[in-house]
Amino acid sequence: MSTDEMGETDASEQIRWLWFGVALTIIYAAYTILILALLRADQSLTLIVVTGGSVAFGLAIIIDTLYFR
C-alpha cells in the first residue's frame, strides 16, 4: 500500500467515525427529550424507559463498534 492510499483510508475512516458520532449525538438528544417528557407524565414509566433504553443503547454501540466497524 502506498502512502497516498494509506492517507485516503485513514481520512475515510475518520469521516465514518465522525458521522457515527454525529448520529449518536442526535439519537442521544432525542432520547433525553423523551425522558424529560416522560418525567412529566409518569415517573415509574420513566424509570423503566431509562433503564431499558440505557442498556439497549450501550449494547447497540458495543455491537456496532465491535462487529460492524
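Only this structure's heavy atoms are used, side chains among them; waters, hydrogens and symmetry mates stay out. We count residues from 1, following the sequence as given.
- Residue pairs satisfying the side-chain hydrogen bond (donor to acceptor under 3.5 Å, both in side chains) criterion with at least one member in residues 57-68, sequence neighbours excluded, are listed as follows: Asp64-Arg69.
- Within the structure, the salt bridge (Lys or Arg N to Asp or Glu O under 4.0 Å) test picks out no pair touching residues 48-59 (sequence neighbours left out).
- We find the CD1-CG distance between Ile63 and Leu59 to be 5.5 Å, quoted to the nearest 0.5 Å.
- Counting only residues at least two apart or on different chains, the side-chain hydrogen bond (donor to acceptor under 3.5 Å, both in side chains) pairs with a member in residues 16-27 are Glu13-Trp17.
- Identified under the salt bridge (Lys or Arg N to Asp or Glu O under 4.0 Å) test for residues 22-38, with sequence neighbours left out: none.
- Side chain of Tyr31 to main chain of Ile26: no donor-acceptor pair is present (N/O by atom type, distance under 3.5 Å, no hydrogens or angles).
- Remark: Leu24 engages Phe20, Phe57, Ile61 in a side-chain contact (heavy atoms from CB on, under 4.5 Å) (not counting sequence neighbours).
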For residues 33-44, run the donor-acceptor check on the side chains, cut-off 3.5 Å, and write out each pair with its distance to 0.1 Å, sequence neighbours left out.
unit_1 : atom_1 : unit_2 : atom_2 : d
Asp42  : OD1    : Ser44  : N      : 3.4
Asp42  : OD1    : Ser44  : OG     : 3.2

